[in-house]
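Since the structure comes first, as structure tokens, the remarks are kept for the end.
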Amino acid sequence: MNESRDTIRVNELRLVVPIGKDQEHATLQPILATVSLTHDIGPAAHTDDLSLTVDYGRLKSALVSAFAGFSQFFESLDALLSFAFLMSRREVERQLGYAPHAIYVRIVQEMPPPVCKTVSAELHWLKTKPEPLQRVTYTLQDLECQVLVGVNAIERKFKQLVRFSVRIERASSPLEISHWLDIPLLINALVKALGNTSYLTLEALSSYAAVETLRSLIPASNLDVATPPRVHVIASKPVALSSASSADVEISRTFADYPHIFSLDASGSKWMHADRGNGYQNREKDVHTAALALGSNLGDSFHNIELALRLLEAPMTILDRDALQIPDACVDVIDTSFMYKTKPMYVEEQPAFINCACIVETNLQPMPLLRLLKAIENLVGRVPSIRNGPRAVDLDIILYDNMVIDTRSQHQRADLNNLEGHLVVPHPRLQEREFVLRPLFDMIPDYVHPKLGKTICSLLEALPETDPTMQSVVPFPLVSEEAVVDQKASAARALPTLTHWAYFQNASSTSHQTRLARKTHIMATLNVTPDSFSDGSAHTQLDAALKYVRNAIASGASIVDIGGYSTRPHAAFVSVEEEIQRVVPVIKAIRQQDNPAVRNVLISVDTFRPEVAQAAIYAGANCINDVHAFTGPNSYPSCDDAHARSCMAAMKKLARQTSVPVILMHSRGDAGQNKDYGNYAYAQGSATGGPGVEGVRVELGRKVDEIVKGKGGVRRWLVVVDPGVGFSKTLEVNLEVLRDASLLTVDVCIGTGV
Ligand SMILES: Nc1ncnc2c1ncn2[C@@H]1O[C@H](COP(=O)(O)OP(=O)(O)OP(=O)(O)O)[C@@H](O)[C@H]1O
Ligand SMILES: Nc1nc2c(c(=O)[nH]1)N=C(CO)CN2
């Protein structure tokens, strides 16, 4: 039996058919229809009798009259294919009296240049029991795109023509072939996405084309989950080789080849983006970690940096899917450094810089991440300037996972004067920049540079000289109710800066001169509790409070701390409403004073309650001073009770939203409870000092980590720690902490705690 070898074919029958989305948009368009059947021609060959085979003339006429008699319009190539197949099978069965072994139908549509040369759909139908087998193939032939691709210098500079041929194969059930793929949509998506790429190799480019094609198949993927569609891509560079017609890469891929990008849904019946739907676990697979450096020396630098960080976390509002090369782009800042005022490097005649760094988790690939950073620089107000000159904000990718990247061609890599439009990671100047190494050291001192093989710590130590004028800085925002409300409405807004405090790097190692230049900030404490001011009405209380503030400022105070709930042991309970009622009017009154020195004084609100902190900030306070470091009064021995957790979440959210500095004090919960004040023995024998200082470092450090690290964390530069003299400590421990607090960190705020 040779029935599967013989073929009768009507080749490229020219037809003109109505094609369109709907009746109104349907137009007559030429197509080429090919029909072939696999059938044993032996009997007709022996007898030379036409009635024993299929008359191709009758087959052609049947197709012509079926299309001519079709009074509707064809919505898609699928619909045309399906119609041509049904008409062919009917005619062949009419002639033979039974169905042939196999039928093949192909419909080709010529496309207007330069979209692509042709699109075609083919159906292979095979008579098998119990069900026939059916396979559909779509081909986009010679899709022409201008793409930046290649390793040669000229190829990095100019886009070049790349021809793609994309074939999609799917198994389909016999009755279901109409409207599976929207070809115009796919062509559009491909041309747009491919035009934004800048790969070095045709391999990466063709793989990207396969991913984008598979992406467009997701909506219909539930129909084929058992035998998922397969995509073949040929990427061809016609001008790559001087004596050859082209250089090509051909690949064949399916969803399962890209487990980081696609996964099956929970029921296993549909392909989806791995970072969608049942989510977090899937997303994790494609999450990368990058270290970014930020710098600014024009305008309100603190505002610019905060705004840039907020924009960073809203990538989809800045660039579209094509530029980001992913539909659900996501960036989370998960750690921040301290912030520094630094001497300008390279071009020294310009204002001092403010520098910091952050770690992000993102599903963006390196180039789209760079694109996002450049777009944010523009949005924040960076304008062209001289190289290494002043700028509103500068955002650099310092590290990306452990990757070593250089998008320049081999022979462009001799120096660093041609980085424009390229990406080099780790940042090529990292090792000479203290303003980057020091912020990185705050977060990842032990990270090993993937090219240099040295830790951040040793790179910092290896700097030939360090900047003795480098200071860490704490910015205070200028708060007003309208500004906070306005800013709450849009995550991508930041408050302007009222002032900042600056500290030399390391008090013990800086020179006598810089130690003298160091400013000590005095905090005045104003307790607006009923028994704090002698008799009298609310008005005299307010007068007394304002008089205290004026005196404090005149005596050199730079911040006024206002509290409405005493922290002394066994103090009477005060309701949230009452506490708000006590502090808010005083803050508002200060902010309405005529004297600018009083009106603009820094105000911290001394509270452990998020509701009170929020009301105070809305009224004009610009700092939160919390004796329980965001964990509330019931947080000892464990910080894990529900109240402590909800307090932590609410305080973090408020601090993050308003960007006010937070003073976090060491204590062991409510002062009235017995907390075994001498119990710091566990911290004995540490390198940092005595057990008291080490106990404070461990217990407060744990809370600081929880407040700073992870998504939604408070910027590290806004955290001021207070060792809590007089809180949960014996006389000896208090004295030890007073003596050695500088061992804890440079940024300590020492008060008497009353
Ligand atoms: N790791 C990287 N991070 C940021 N930009 C990079 C990186 N590698 C290469 N570049 C390229 O450097 C070019 C110049 O960037 P930018 O204008 O920020 O330079 P600069 O501020 O003068 O120097 P630097 O970025 O070294 O601080 C950009 O167009 C970018 O394509
Ligand atoms: N201190 C300091 N100096 C610089 C900085 C910077 O961020 N900080 N950025 C530069 C160009 O990116 C040039 N010089």
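Every heavy atom of this structure was used, including side-chain atoms; hydrogens, water molecules and symmetry mates were not. Counting starts at 1 for both ligands and their atoms, in listed order. The chain is numbered in sequence order, starting from 1.
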Original post:
Parallel, tilted or perpendicular: which describes the rings of Phe353 and Phe435, with under 30° parallel and over 60° perpendicular?
Top reply: parallel
Subject >> Protein contact to atom 11 (C) of ligand 2 [nearest heavy atom, distance to 0.1 Å] >> reply: Asn388 OD1, 3.3 Å
Original post:
Is it true that Arg715 and Glu306 have a side-chain N and a carboxylate O under 4.0 angstrom from each other?
Top reply: yes
Subject >> Closest protein heavy atom (residue, atom, distance) for atom 19 (O) of ligand 1 >> reply: Arg382 NH2, 4.3 Å
Original post:
Which residue owns the protein heavy atom closest to atom 14 (C) of ligand 1, what's the atom, and how far is it?
Top reply: Glu420 OE1, 3.7 Å
Original post:
Below 4.0 angstrom, N of the basic side chain to O of the carboxylate: do Lys343 and Glu465 qualify?
Top reply: no
Original post:
Which residue supplies the protein heavy atom nearest to atom 8 (N) of ligand 1, what is that atom called, and how far is it?
Top reply: Val424 N, 2.9 Å
Original post:
Looking at atom 25 (O) of ligand 1, what's its closest protein heavy atom, distance included?
Top reply: Asp396 OD1, 3.0 Å
**OP:** Could you tell me if the ring centre of Trp717 sits under 6.0 Å from that of Tyr340?
**Re:** no
**OP:** Name the option, out of Arg387, Arg371, Arg433, His422, that contains the heavy atom nearest to atom 11 (C) of ligand 1.
**Re:** His422
**OP:** Drop me the distance from Arg156's CZ to Asn418's CG, to the nearest 0.5 angstrom.
**Re:** 11.5 Å
Original post:
Can we say Lys703 and Glu706 salt-bridge, meaning some charged N sits less than 4.0 Å from an Asp/Glu carboxylate O?
Top reply: no
**OP:** Could you list the atoms of ligand 2 found under 4.0 angstrom from a heavy atom of Arg391?
**Re:** 11 (C), 12 (O)
**OP:** Around atom 3 (N) of ligand 1, find the nearest protein heavy atom and jot down its residue, atom name and distance.
**Re:** Ile397 N, 3.0 Å
Subject >> For atom 5 (C) of ligand 2, closest protein heavy-atom neighbour >> reply: Phe435 CZ, 3.4 Å
Original post:
Are any of the heavy atoms in His427 under 4.0 Å away from ligand 1?
Top reply: yes
Subject >> Which of the ligand 2 atoms, numbered from 1, are nearer than 4.0 Å to a heavy atom of Asp394 >> reply: 12 (O)
Subject >> Contacting atoms of ligand 2, where contact means under 4.0 angstrom from a heavy atom of Tyr346 >> reply: 13 (C), 14 (N)
Original post:
At what distance, to the nearest 0.5 angstrom, does CG of Leu399 lie from CG of Leu430?
Top reply: 6.5 Å
**OP:** Ignoring hydrogens and angles, tell me if any N or O in the side chain of Arg310 forms a donor-acceptor pair with the backbone of Arg493 under 3.5 Å.
**Re:** yes
**OP:** Would you mind checking if Glu420 and Arg387 are paired as a salt bridge, meaning a charged N to carboxylate O distance below 4.0 Å?
**Re:** no
Subject >> atom 14 (N) of ligand 2: the protein heavy-atom neighbour that sits closest, reported with distance to 0.1 Å >> reply: Met345 O, 3.1 Å
Original post:
At under 4.0 Å between heavy atoms, which part of Leu423 makes contact with ligand 1: side chain, backbone, both or neither?
Top reply: both
**OP:** Heavy-atom contacts with Asn355 under 4.0 Å: which atoms of ligand 2 show up? List them by number with element.
**Re:** 1 (N), 2 (C), 6 (C), 7 (O), 8 (N)
Original post:
What atoms of ligand 2 come within less than 4.0 Å of a heavy atom belonging to Thr342?
Top reply: 1 (N), 2 (C), 8 (N)
**OP:** Have a look at Ser198 and tell me which of Lys159, Met367, Glu155 forms a side-chain contact (heavy atoms from CB on, under 4.5 Å) with it.
**Re:** Met367
Original post:
In terms of residue, atom name and distance, what is the protein heavy atom nearest to atom 18 (O) of ligand 1?
Top reply: Asp394 OD1, 3.0 Å
Subject >> Close-contact set for ligand 1 against Asn388 heavy atoms, below 4.0 Å >> reply: 22 (O)
Original post:
Among protein heavy atoms, which lies nearest atom 15 (O) of ligand 1, and at what distance?
Top reply: Lys374 NZ, 3.5 Å
Original post:
Tell me, do Val162 and Leu194 make a side-chain contact under 4.5 Å, heavy atoms counted?
Top reply: no
Original post:
Is any side-chain heavy atom of Gln365 less than 4.5 Å from a side-chain heavy atom of Tyr208?
Top reply: no
Original post:
Taking non-hydrogen atoms only, is Arg391 closer than 4.0 angstrom to ligand 1 via side chain, backbone, both or neither?
Top reply: side chain
Subject >> Which of the ligand 1 atoms, numbered from 1, are nearer than 4.0 Å to a heavy atom of Leu370 >> reply: 4 (C), 5 (N), 31 (O)
Subject >> Protein heavy atom at shortest distance from atom 4 (C) of ligand 2 >> reply: Phe353 CE1, 3.5 Å
Subject >> Lys/Arg-Asp/Glu bridge criterion (N-O < 4.0 Å) met for Arg716, Asp335 >> reply: yes
Original post:
Under 3.5 Å, is there a donor-acceptor pair between the Thr497 and His303 side chains?
Top reply: no
Subject >> Min heavy-atom dist Arg387 to ligand 2 below 4.0 Å >> reply: no
Original post:
When only distance counts, is Ile398 in polar contact with ligand 1, meaning an N/O pair under 3.5 Å?
Top reply: no
